[in-house]
Amino acid sequence: MRYKLAEDAKPQVWLLLIATVITIALWFIPYAEYLVYPVRLFVTFIHESSHALVALLTGGSVQSLTIASDGSGLTYSAPSGFIGGVLTSSAGYLGTTIAGVLMLYLIRKRFSPNKILTAEGIFVAVMLVVFTIVSPIFNFLSLQVAYSSILFTIVAGSILAAALIGLGIYSSPRVASFAVAFLAAQCLLNAIFDLKDVLMMNAPLVGSDMANDAANMAAATHMPGFFWLLVCIGISLFMISLGLRLYAINKNKIGTDTVFEDQHDGV
């Protein structure tokens with residue numbers, strides 16, 4: 001049995017391929033990181049927001065959420081119990097992957113790309129207000145992050161939110177579609193490559209004492225961070241595979257469980 005791509009999925013798939021190729025190509029062009037700097041901050045914002053949201057949803061609390069000028073981020077939270085700690089620590093990379101897959105799914109389902117961009121801008125703005133402004137105010141006596149980091153996050157997050165909302169309102173559908181596909185590719189690829197980098201940092205006898213999400217998972221479970229990173233990579237790859245299949249599903253075909261059209265040899 002052979003499979004072919006559903007005909008009505010081809011425009012979206014070509015759009016994703018172009019966005020992915022551009023994303024990868026930019027990594028090999030000198031100083032290209034400056035061109036995608038705002039996008040990197042967006043991915044970091046999604047990563048840190050995932051930590052914060054899961055901490056709250058599992059009964060914990062969030063002291064602050066900040067991003068740094070080098071594209072890194074930091075969320076101070078107090079998870080509730082063992083399960084809350086594990087889920088909160090792993091939420092960053094998995095949340096970024098889920099965000100990328102969700103964008104693919106929404107594009108495939110013909111959701112307005114302009115509305116997707118606007119919703120992303122509103123999401124960034126809400127996370128900024130709740131976790132970067134309000135939470136530090138209520139926790140100022142025990143605040144563990146510098147006020148300069150909070151200020152940078154407010155400025156960068158405000159510009160990012162305004163840019164996304166502006167794109168959503170004023171850009172053409174074609175430009176908006178490419179922007180969403182590009183953001184999806186950035187989320188998916190950055191999640192995997194960031195996991196790979198942290199995996200190497202936490203490899204046995206190399207950097208297992210480095211402070212990062214893997215170290216937090218190790219502290220919560222008393223199991224090596226290297227193990228948890230392998231689990232996260234496996235889950236992320238599964239979600240990406242599922243997202244790509246959903247992206248290529250033939251929405252006009254009824255009564256099938258496959259995500260590609262079957263193409264049988266004539267016998």
Verify side chain to side chain contact (heavy atoms under 4.5 Å, CB included) between Leu143 and Tyr76, making sure each step is shown before the conclusion. CA-CA 9 Å; Leu143 203 59; Tyr76 280 103; over 6 Å; no
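- Note: Leu41 CG to Asp70 CG = 9.5 Å, rounded to the nearest 0.5 Å.
- By the 4.5 Å heavy-atom criterion applied to side chains, Ser158 and Leu128 are counted as neighbours.
- By the 30° and 60° cut-offs, the orientation of the rings of Phe178 relative to Phe182 is parallel.
- For the pair Thr88 and Thr58, the minimum side-chain heavy-atom distance is below 4.5 Å.
- Nearest heavy atom pair, residue Gly95 against residue Ile46, reads O-CG2, 4.2 Å.
- Side-chain atoms of Glu48 and Met127, non-hydrogen and from C-beta on, never get closer than 4.5 Å to each other.
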Assess whether side chain to side chain contact (heavy atoms under 4.5 Å, CB included) is satisfied between Ser69 and Tyr37, documenting all intermediate values. CA-CA 9 Å; Ser69 58; Tyr37 181 66; 3.9 Å; yes
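- Clustering ILVMFWY residues whenever any of their side-chain heavy atoms sit less than 4.5 angstrom apart, transitively, puts Val39 in the very cluster that holds Ile122.
- Using modelled atom types, no side-chain atom of Gln63 and backbone atom of Ser135 make a donor-acceptor pair closer than 3.5 Å.
- To the nearest 0.5 Å, atoms CG (Leu167) and CG (Leu183) are separated by 8.5 Å.
- Put simply, Leu151 and Ile159 are part of the same group of oily side chains (I, L, V, M, F, W, Y) that touch within less than 4.5 Å, one to the next.
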Side chain to side chain contact (heavy atoms under 4.5 Å, CB included), that's the test. Do Leu164 and Phe123 meet it? Break it down for me. CA-CA 10 Å; Leu164 288 167; Phe123 175 81; over 6 Å; no
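- Between Thr44 and Ser72, every side-chain heavy-atom pair lies at or beyond the 4.5 Å cut-off.
- Taking the side chain as every heavy atom from C-beta outward, Ile107 and Ser177 never approach each other to under 4.5 Å.
- To the nearest 0.5 Å, atom OH of residue Tyr170 and atom OG1 of residue Thr118 are 10.5 Å apart.
- In this structure the side chain of Leu117 never reaches within 4.5 angstrom of the side chain of Ile165, judged on heavy atoms.
- Cluster annotation: Ile137 and Tyr147 are assigned to the same hydrophobic cluster (Ile/Leu/Val/Met/Phe/Trp/Tyr, side-chain heavy-atom contacts under 4.5 Å, transitive).
- Val175 and Phe111 fall into different hydrophobic clusters, where Ile, Leu, Val, Met, Phe, Trp and Tyr side chains are chained together by heavy-atom contacts under 4.5 Å.
- Rounding to the nearest 0.5 Å places CD1 of Ile133 at 11.5 Å from CG of Leu65.
- Residues Leu74 and Gln144 are not in side-chain contact: their nearest non-hydrogen atoms beyond the backbone lie 4.5 Å or more apart.
- Atoms CD1 and CG, on Ile116 and Leu102 in that order, are 8.0 Å from each other to the nearest 0.5 Å.
- Between Phe45 atom CZ and Thr66 atom OG1 the span is 9.5 Å, to the nearest 0.5 Å.
- Nearest approach of Ser61 to Leu56, heavy atoms of both residues: CA-CD2, 4.2 Å.
- The backbone N or O of Ser64 sits nowhere less than 3.5 Å from a side-chain atom of Asn139 that would complete a donor-acceptor pair.
- Residues Met103 and Cys187 approach most closely at CE-SG, 3.7 Å, considering heavy atoms.
- Atom CD1 of Ile83 sits in a sparse spot, with 12 or fewer heavy atoms from other residues, nucleotides or ligands closer than 6.0 Å.
- Following chains of ILVMFWY side-chain contacts shorter than 4.5 Å, one can reach Val126 starting from Val62, so the two form part of one hydrophobic cluster.
- In this structure, the side chains of Pro173 and Asn114 come closer than 4.5 Å at one or more pairs of heavy atoms.
- Under the 3.5 Å distance criterion, the side-chain polar atoms of His47 are left unmatched by any main-chain donor or acceptor of Thr96.
- Shortest non-hydrogen contact noted between Ala91 and Val54 is CB-CG2, 3.5 Å.
- At least one donor-acceptor pair closer than 3.5 Å links the side chain of Thr153 to the backbone N or O of Ile67.
- Considering all non-hydrogen atoms of both residues, Pro113 and Val180 come closest at O-CG2, 3.7 Å.
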